[in-house]
Structure formats: structure tokens, C-alpha cells
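Scroll down for the structure; my scribbles are underneath it.
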Amino acid sequence: MTSAPQLLTDPFLQLPTETSVRVVWFTEFAGVNHTVSYGENLKQTAKANITKLTRTREDQESRVANQTKDGQVYQKPVERDIWRHEGEVTGLTPGVRVNYRVTSVREDGESVNSDVFSLAATPKPDIPLKILLTSDHQLKPMTAANLQKVVETVGRVDGVWFAGDLVNVSDRASEWFDDNSGGALFPGLQGRAKYDMTHDGVKTTYTGGQIIQHAPMFTCIGNHEVMGRFARAGSLDGEFDDTIPRPVAQKIYRDKSLIDNSFNTNTYEEIFSLPKSKEGGKRYYAVSFGDVRLVVLYITNMWRTPSLNGKHKGRYREAEKDLNNPENWGYGQVIYEPIAKGSKQYNWLEAELNSPEFKQAKYKVVMFHHPPHTLGDNIVPAYTEPVQIIERDGNNIKAVRYEYPKDADYIIRDVVPILEAANVQLVFYGHSHLWNRFVSPSGMHFLETSNVGNTYGAAWGDRKREVPIGYQEDYVKLGDPNGLEPIVPTISPLLGENGKPMPYIASNDITVFSIFDTGTGTISSYRFDTRKPDSEVLKFDEFKLKYSNSI
């Protein structure tokens with residue numbers, strides 16, 4: 001090793017308490033010493049624990065280092081060695097920010113420092129905070145611009161809530177750290193992205209925002225944080241697509257590892273230090289942050305194509321070529337963690353909603369990935385276990401279809417009613433890559449602010465969802481299938497072709513972010529038109545959460 005050592009990421013903040021916070025960073029060398037220096041003149045030090053990521057790989061579809069096209073360097077998934085470092089800074093006083101930097105020493109004695117950033121303990125109640133609400137980054141084109149505009153518009157935020165889908169393929173290391181597009185997850189959130197956008201022949205390079213070096217991030221699992229059967233497919237995309245339900249895996253693989261042979265969130269869980277629940281670990285949890293009790297649920301399922309052409313394993317049918325090979329079936333839109341009434345997660349949620357920490361919080365917010373209300377396509381079919389229908393001709397299987405009974409939608413039937421009863425003010429989610437919001441008759445707000453980097457469109461006006469005809473269920477083609485009308489932005493809505501205000505933003509040019517100001521209880525949404533790099537960021541919507549205290 002003769003080149004100077006480098007950090008794979010800047011440090012970022014995790015798991016704040018009233019007196020401490022964790023500092024995490026990554027390198028591509030194990031090293032001999034990794035420390036956090038902090039406090040006055042950076043005189044105090046905390047030694048970091050080191051772990052190696054177990055499943056990070058690159059493959060033929062990675063865009064990393066010298067590989068700019070498929071298969072140039074990698075012809076199959078190959079392990080990539082990445083080490084994680086975590087130091088705990090203790091003895092903090094709430095409300096007092098402290099400078100810090102990290103140092104990693106390589107095996108040959110060469111060392112590398114980060115820049116100096118600032119950290120703080122978890123904020124006390126009554127301290128006004130600005131929290132960034134974001135989701136669905138996935139290396140998408142506008143994400144770096146979005147995060148850069150967050151910092152330029154509101155300055156330093158106090159926390160980040162990320163409603164899932166951080167990357168596309170969770171085990172592909174470069175998507176987290178150094179994809180050639182310049183839009184990997186950590187560079188975007190740390191102001192080290194280099195994403196080029198060109199409009200009318202003019203190139204603008206966006207760097208993202210220096211956000212998580214100073215503010216802790218709380219995340220939830222989206223469908224893209226879940227990987228399928230380990231090392232069974234020839235590519236990481238194939239592996240991601242290869243999830244099957246745990247009970248099916250138990251039958252097929254008997255005594256083999258269920259994690260390896262159904263689905264897993266290993267890489268996601270290895271990367272982040274998050275609060276834990278006894279029942280769900282990092283996968284679902286609750287945390288108090290200033291005036292807010294944030295409840296994070298594991299509500300996501302496998303996204304499969306709505307196409308009925310028979311070539312693919314889809315949400316409504318299996319691929320024709322696999323009909324007589326159940327090991328290759330996709331089993332529809334597999335739900336990864338039960339949330340139906342009576343399930344372990346539901347029971348945990350019910351207990352959390354009755355806890356003193358929840359009841360005493362000024363603001364009660366629930367975050368998960370899958371939408372309860374949206375104009376997006378991904379809300380159809382219902383969020384319920386796929387009902388498998390096998391059509392036979394004698395001993396031959398003619399078709400395998402899946403139905404999703406609408407009256408068995410676990411989110412709408414089981415979860416939303418207990419959130420309403422517990423006076424939750426805001427349900428925040430992602431998944432459909434657009435901005436829209438709703439209010440229930442009782443006054444509970446639903447916000448999807450996931451048009452960060454691109455959109456797949458809204459089922460509104462002339463644009464309908466792709467739904468199957470001739471199925472038992474009558475799937476909804478337009479609007480919110482669960483019966484709420486979208487709210488038109490209160491300040492500056494975009495106008496449709498008919499000149500009327502639109503109740504959503506679904507654009508591949510206009511990127512959106514939202515900020516929760518706990519001092520005023522307001523949630524403000526902003527938009528930026530990437531076609532006009534010199535244009536202002538515009539606040540287009542604002543609403544206020546009612547003060548709530550169940551005690």
C-alpha cells in the first residue's frame with residue numbers, strides 16, 4: 001500500500017441518548033486503530049469498535065471503479081471487503097453541540113482524518129427542531145440536487161427520518177458508498193456526491209448536502225432493503241428478486257438456514273445502529289426525539305410487476321416457464337413481517353401506543369414504507385397475504401394466480417384504526433415516488449413525500465394504474481383505493497394541463513422535500529425545478545399538526 005489511506009464515508013451520527021451519541025464510518029481496510037476525537041480542541045477520544053460487513057458484494061451490473069458497463073470487471077457477484085467503525089461519544093449535555101472528527105490508522109501506520117463536524121445528545125422536549133422527511137433515494141437522478149437544496153434552504157437540520165428504499169439492491173456495496181453515477185446513498189447525505197444533470201446543453205453538478213455528519217438518522221425498512229435467497233442467482237439483481245415466504249422456504253429447504261433461503265435484511269442491519277425493540281430488534285422500534293415519539297414499523301412487501309404477459313413472476317401470476325417448478329415461483333407480493341391483528345409486531349405496536357413515552361409525547365408520528373393512502377401505483381393490490389389459486393389440467397399446472405382480498409388489507413383494517421384511536425397526528429411513508437397527502441375524517445395526516453429523485457406517476461386524470469381484468473377483486477384504477485381525497489397544496493400547487501391545481505407532484509424534473517418544524521408543529525414541503533438550476537426553492541405546501549396529549 002503506497003497510496004494515502006481514505007475513508008469510504010464521512011462519519012455520521014446514530015442512536016443519540018441524553019448523554020451520548022454513536023459516530024459511525026466505513027473504510028476498505030481493517031486498520032489497527034480507529035478513534036473519534038471530540039470536545040474542546042478535540043482532546044477527548046473514544047475508541048471505535050470494528051465489524052466487517054458480511055454480505056457486501058459487487059457484480060456484473062455494478063457501476064464502480066473501472067466498471068462502467070455490464071461485466072467489464074465482474075462477471076458474477078464478488079465479495080467486497082468493507083469495515084465499519086463505531087465510536088460512542090459520552091458525557092454530553094443536551095443542547096450543547098460538540099466538535100468531533102474521526103481518525104483511521106491503516107496497517108502500515110498511515111492515518112487519515114475526517115473533517116471536523118459537530119454532534120449533540122438527543123434533544124430535550126420543548127427544544128424546537130427541524131427534521132428532514134425523506135425516502136426512496138435509490139441513486140435516482142434528482143436526489144443529489146434535492147439534498148443540496150435542503151441544506152441551502154433550511155441550513156442544518158436536527159434529524160433525518162428516512163421512510164425506506166435507501167438504495168436499490170442492498171447487498172451491492174457501491175450503491176451505498178461509491179457508485180460511478182455520483183449518487184450513492186452516503187455521498188448524497190454527506191455533501192460528497194457528484195451527480196451531473198444537463199438541461200438545454202448546460203451541465204450542473206450537484207453535491208448533495210452535508211446532513212448526517214451533524215444530525216442522527218432514523219430509518220425504516222423498505223422493499224429494497226430486503227435481499228432474497230443468498231447466492232442462488234447469478235447476479236445481485238437476481239438475488240434481490242428471489243424472495244420467497246418463510247413457510248415455503250421451511251418446506252423446500254427443511255434444515256437449511258431460513259435467512260439464506262427466504263429473505264434477509266442483513267446488510268441494512270449491519271450498516272445502521274438503530275433503536276431496538278425486544279420483539280423486532282432494529283426492524284421495528286420506537287424512539288423519543290425532542291417533542292416527538294417516532295414509531296417505526298416494518299411494513300413492506302416484495303414489489304412484483306403488475307404485467308400479465310406470462311414471462312415474469314408477477315404480483316398476479318407466476319411465469320409460465322416456472323409453472324411446474326415451485327422452487328422458482330415468486331409467490332406474489334410477499335409480506336416480509338406480519339402486521340395483522342394478533343401478530344407479534346401488531347401486539348408490540350399496541351403496547352407502544354399505550355406506553356407513557358408515547359402518550360406523553362407532544363407529537364406522535366408513525367413511519368413505515370408501504371402507503372396506506374396514495375395516488376401512486378404501488379398501493380394496488382391490497383396489503384394482504386396473496387391468495388394462491390392453482391389452475392390444473394389433469395396433473396399439469398395451467399396457471400398460478402394471486403388474489404389480494406381488499407377487505408383483508410392489514411394496514412387499513414388493522415393498523416390505521418389503532419393509530420387513530422391513539423391520537424397519532426402524522427403517518428409518514430414512501431414507495432410510490434411522488435408527493436401527495438391526505439387527512440382522515442378524525443384529523444390524522446398522511447404524508448408521502450418520496451418524489452426525491454424520480455417518479456412513476458400518479459393514478460389521476462387520464463393516467464390509470466395497471467390492474468388485472470377478470471379477477472375476483474375489482475382493483476382500483478384511479479385515485480386513492482382506500483377512499484380519501486388528496487389535499488391540494490395550500491400555498492403554491494402545480495397546475496395541470498387544464499389549468500387546475502393538482503393535488504400531487506409526480507415529476508422527473510421537479511424534486512420535493514419536506515421539513516417538520518417541531519417548534520411550530522408545521523410540516524412544510526418545498527419543490528425545486530432541476531431544469532432551472534438558478535431558480536428558487538419554492539415552499540408549496542404547509543400544514544400544522546394538532547397538539548396532542550393523551551394523558
Side-chain angles (χ1 to χ4, degrees), residues 53-57 59 76-77 79 164-172 220-272 276-277 279-284 297-305 312-319 321-340 342-346 348 368-370 378 381 383-388 390 400-402 404 410 431:
L53 301 184
T54 62
R55 299 218 164 169
T56 42
R57 289 161 287 161
D59 73 343
K76 62 180 183 182
E79 191 175 339
D165 280 10
L166 293 88
V167 295
N168 287 308
V169 178
S170 190
D171 284 1
R172 188 177 285 132
C220 80
I221 296 172
N223 53 300
H224 282 274
E225 277 65 70
V226 185
M227 292 296 292
R229 286 177 275 188
F230 183 66
R232 199 181 87 101
S235 72
L236 293 174
D237 282 56
E239 194 173 305
F240 163 73
D241 201 37
D242 198 25
T243 60
I244 61 171
R246 293 254 157 89
V248 173
Q250 273 174 319
K251 280 183 191 164
I252 296 176
Y253 298 106
R254 302 211 176 260
D255 301 325
K256 293 183 181 169
S257 161
L258 262 189
I259 293 284
D260 285 354
N261 290 292
S262 55
F263 57 85
N264 71 85
T265 50
N266 287 27
T267 294
Y268 168 83
E269 292 189 57
E270 288 175 4
I271 283 177
F272 295 107
K276 289 180 182 177
S277 63
E279 294 81 355
K282 298 176 182 181
R283 295 185 296 281
Y284 52 90
L297 300 177
Y298 184 8
I299 299 183
T300 192
N301 58 4
M302 178 69 202
W303 184 93
R304 298 209 184 278
T305 177
H312 310 286
K313 49 187 177 187
R315 62 182 70 164
Y316 302 113
R317 60 177 292 175
E318 295 293 356
K321 65 179 171 53
D322 291 329
L323 288 179
N324 290 298
N325 189 358
E327 193 178 0
N328 289 340
W329 292 356
Y331 296 88
Q333 297 211 141
V334 178
I335 289 178
Y336 294 124
E337 180 73 29
I339 188 63
S343 67
K344 190 162 74 165
Q345 184 177 198
Y346 180 93
W348 171 85
F368 48 84
H369 186 63
H370 194 91
N378 289 339
Y383 191 84
T384 189
E385 296 296 342
V387 177
Q388 188 181 70
I390 299 179
V400 180
R401 299 191 300 126
Y402 297 97
Y404 301 81
Y410 304 139
H431 198 35

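The backbone N or O of P338 sits less than 3.5 Å from a side-chain atom of Q345, completing a donor-acceptor pair. Of the possible polar contacts, none joining the N223 side chain to the D165 backbone as a donor-acceptor pair under 3.5 Å is found. S257 contributes a side-chain N or O that, together with a main-chain N or O of D260, makes up a donor-acceptor pair within less than 3.5 Å. Side chain of E225 to main chain of L166: a donor-acceptor pair is present (N/O by atom type, distance under 3.5 Å, no hydrogens or angles).
Residue pairs satisfying the salt bridge (Lys or Arg N to Asp or Glu O under 4.0 Å) criterion with at least one member in residues 233-254, sequence neighbours excluded, are listed as follows: R57-E239, R172-D237, R229-D242, R232-D242, D241-R304, D242-K313.
Every residue two or more places apart in sequence or in another chain that forms a ring-ring contact (aromatic ring centres under 6.0 Å, His included) with Y336 is listed here: F263. Considering only residues two or more places apart in sequence or on other chains, S277 meets the side-chain contact (heavy atoms from CB on, under 4.5 Å) condition with E279, Y284, W348. When the side-chain contact (heavy atoms from CB on, under 4.5 Å) test is applied to T305, the partners found at least two apart in sequence or on another chain are W303, S307, H312. Partners of L323 according to the side-chain contact (heavy atoms from CB on, under 4.5 Å) rule, which considers only residues two or more places apart in sequence or in another chain, are E318, I397, V400. For P326, the side-chain contact (heavy atoms from CB on, under 4.5 Å) partners two or more places apart in sequence, or in a different chain, are W329, Y331.
Residues E385 and Y410 meet the side-chain proximity criterion, which asks for heavy atoms closer than 4.5 Å. When side chains are defined from C-beta on, N266 does not count as touching F230, because their heavy atoms never get closer than 4.5 Å.
In terms of heavy-atom proximity, N378 sits nearest to H370 at O-CE1, 3.4 Å. Between V169 and L236 the shortest heavy-atom distance is CG1-O, 3.7 Å. The two residues F240 and M302 have their closest heavy-atom pair at O-CE, 4.0 Å. Residues N261 and A249 approach most closely at O-CB, 3.3 Å, considering heavy atoms. Across all their heavy atoms, I252 and I244 have their closest contact at CD1-CD1, 4.4 Å. The two residues L53 and E270 come nearest to each other via the heavy atoms CA-OE1, 3.4 Å.
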>> Could you walk me through whether I339 and F368 satisfy the side chain to side chain contact (heavy atoms under 4.5 Å, CB included) test, starting with their C-alpha distance in whole Å, then the side-chain angles of each, then the deciding distance to 0.1 Å, before giving a yes or no?
In response: CA-CA 12 Å; I339 188 63; F368 48 84; over 6 Å; no

> Please walk me through it: do K282 and F272 pass side chain to side chain contact (heavy atoms under 4.5 Å, CB included)?
Replying inline: CA-CA 9 Å; K282 298 176 182 181; F272 295 107; 5.6 Å; no

> Would T267 and M227 count as a side chain to side chain contact (heavy atoms under 4.5 Å, CB included) if you check the C-alpha gap in whole Å, the side-chain angles of each, and the deciding distance to 0.1 Å?
Replying inline: CA-CA 9 Å; T267 294; M227 292 296 292; 5.8 Å; no

>> Assess the residue pair K344 and E337 against the criterion (salt bridge (charged side-chain N to carboxylate O under 4.0 Å, His left out)); give the C-alpha distance rounded to whole Å, side-chain angles, the decisive distance to 0.1 Å, and a yes or no.
In response: CA-CA 9 Å; K344 190 162 74 165; E337 180 73 29; 5.7 Å; no

>> Apply side chain to side chain contact (heavy atoms under 4.5 Å, CB included) to residues Y253 and E327 and explain how you reach the verdict.
In response: CA-CA 10 Å; Y253 298 106; E327 193 178 0; 2.9 Å; yes

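With rounding to the nearest 0.5 Å, the separation of CD1 in I299 from CD1 in I335 is 9.5 Å. Atom-to-atom distance recorded for E269:CD and R55:CZ is 11.0 Å, nearest 0.5 angstrom. Considering CZ of R317 and OH of Y402, their distance stands at 11.5 Å, rounded to 0.5 Å.
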